[in-house]
Amino acid sequence: MMSRLWRRIEGFDLQFRPRSYFWPMAFEQHLMATVKGSLRRELLADLRRLPAQDRAAVVATAGRERISESLRAMLGRMHPAFMSGEYLPDLARGEVEIARIHIVGSVTGDVTSVRARRTKKGIAYRMEDEHETEYEIRPRWSRAPLTMFELIRLIENAKPGSSTLDVLKMNHEHGDMRWDELEGFVEVSSPFYPRLREWYDRYLGLWIASRSGRCRSRSRARRQHPGQLPLSLTVVTSSNHGEER
């Protein structure tokens, strides 16, 4: 479920709507919308910094949607995080990834992918992860690309649970992590919504701060009255007349 804290975030055009998710598009945008592996996407994001003679070789190696099983296994032996995103289901024909939820703080860097494809009805959407989770999302289709706010609501209201807030809760409660350690634990990005990552950094930062503040308040309350009933209840129970006050 989406937190109401989003209302406190200013400076973003939540009605921003891309012209299209499909061709024609910039080559770099196409790579970010089709390559599954997170590590390979990072390499490709810095493509312009490479010498011109090296770019073709990098694209030929890292620019494919998926890599071979042997290469995937080799990356896993080097470090589990290098497999991040590589186990996502393949894209359907003509399908692109419009947003990515990357749990950068986890050992394996788990990824959830929001995808779009053209249909006779309009644009169809689905959400996939590397664990074959069956997600229910709304909307499932639209005639035009989603606004930035519509995309955020799709991500946050997906069932069986939010891919962002529920991940943070779980790692705080079961992973023994302090709230401040969860800053930057989850990243949300998109090749079609340039400011989506920045918006999510603010949103998740506000949410973490709000939870951390509640914990500090409860801790102060316990220190003020250790092992005692609240004052109002103490007065009632100590009354000789049994009258409520």
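The basis for the numbers below is simple: all heavy atoms, side chains too, and nothing from hydrogens, waters or symmetry mates.
Trp6 and Phe149 have their aromatic ring centers within a separation under 6.0 angstrom. Centroid-to-centroid, the aromatic rings of Trp199 and Tyr203 come within less than 6.0 Å.
Remark: Ala56 pairs with no residue by the side-chain contact (heavy atoms from CB on, under 4.5 Å) rule, at least two apart or across chains. Listed by chain and residue number, nothing satisfies the ring-ring contact (aromatic ring centres under 6.0 Å, His included) test with Tyr135 (two or more places apart in sequence, or in another chain). Partners of Tyr125 by ring-ring contact (aromatic ring centres under 6.0 Å, His included), not counting sequence neighbours: none found. Scored by the ring-ring contact (aromatic ring centres under 6.0 Å, His included) test, Phe82 finds His79 as partners (sequence neighbours excluded).
Residue Glu132 places its CD atom among 12 or fewer non-hydrogen atoms of other residues, nucleotides or ligands, all under 6.0 Å distant.
With 3.5 Å as the limit, one finds no donor-acceptor pair spanning the side chains of Ser189 and His102. Ser38 and Arg100 share a donor-acceptor pair across their side chains, judged by distance under 3.5 Å alone. Asp110 and Ser106 share no side-chain donor-acceptor pair at under 3.5 Å. When only modelled atom types and interatomic distance are considered, Glu97 and Ser113 share a side-chain donor-acceptor pair under 3.5 Å.
Side chain of Asn171 to backbone of Gly175: no donor-acceptor contact under 3.5 angstrom is found. Listed for the Arg40 side chain is a donor-acceptor partner under 3.5 Å among the backbone atoms of Glu65. With hydrogens and angles ignored, the 3.5 Å screen pairs no side-chain donor or acceptor of Arg197 with any backbone N or O of Val188. Side-chain N or O atoms of Thr34 include one that pairs as donor or acceptor with a backbone N or O of His30 at under 3.5 Å. Checking side-chain atoms of Glu187 against main-chain N and O of Val104 turns up no donor-acceptor pair under 3.5 Å. Side chain of Arg211 to backbone of Trp207: no donor-acceptor contact under 3.5 angstrom is found. No donor-acceptor pair under 3.5 Å is formed between the side chain of Ser190 and the backbone N or O of Ala99.
With rounding to the nearest 0.5 Å, the separation of CD in Glu136 from CE in Met127 is 12.0 Å. Note that the CG atom of Leu154 and the CD1 atom of Ile98 stand 7.0 Å from one another [nearest 0.5 Å]. In this structure, CG on Leu5 lies 5.0 Å from OG on Ser210, to the nearest 0.5 angstrom.
In the hydrophobic clustering, where aliphatic and aromatic side chains (Ile, Leu, Val, Met, Phe, Trp, Tyr) are joined below 4.5 Å either directly or transitively, Leu47 groups with Phe27, Leu31, Met32, Val35, Leu44, Leu50, Val58, Val59.
Shortest non-hydrogen contact noted between Ile123 and Pro145 is CD1-N, 3.7 Å.
Sorted by first and then second residue, the salt bridge (Lys or Arg N to Asp or Glu O under 4.0 Å) pairs with a member in residues 19-31 read Glu28-Arg48; sequence neighbours excluded.
Evaluated for a salt bridge (Lys or Arg N to Asp or Glu O under 4.0 Å) with Asp90, the options Arg66, Arg64, Arg115 yield exactly one hit, Arg66.
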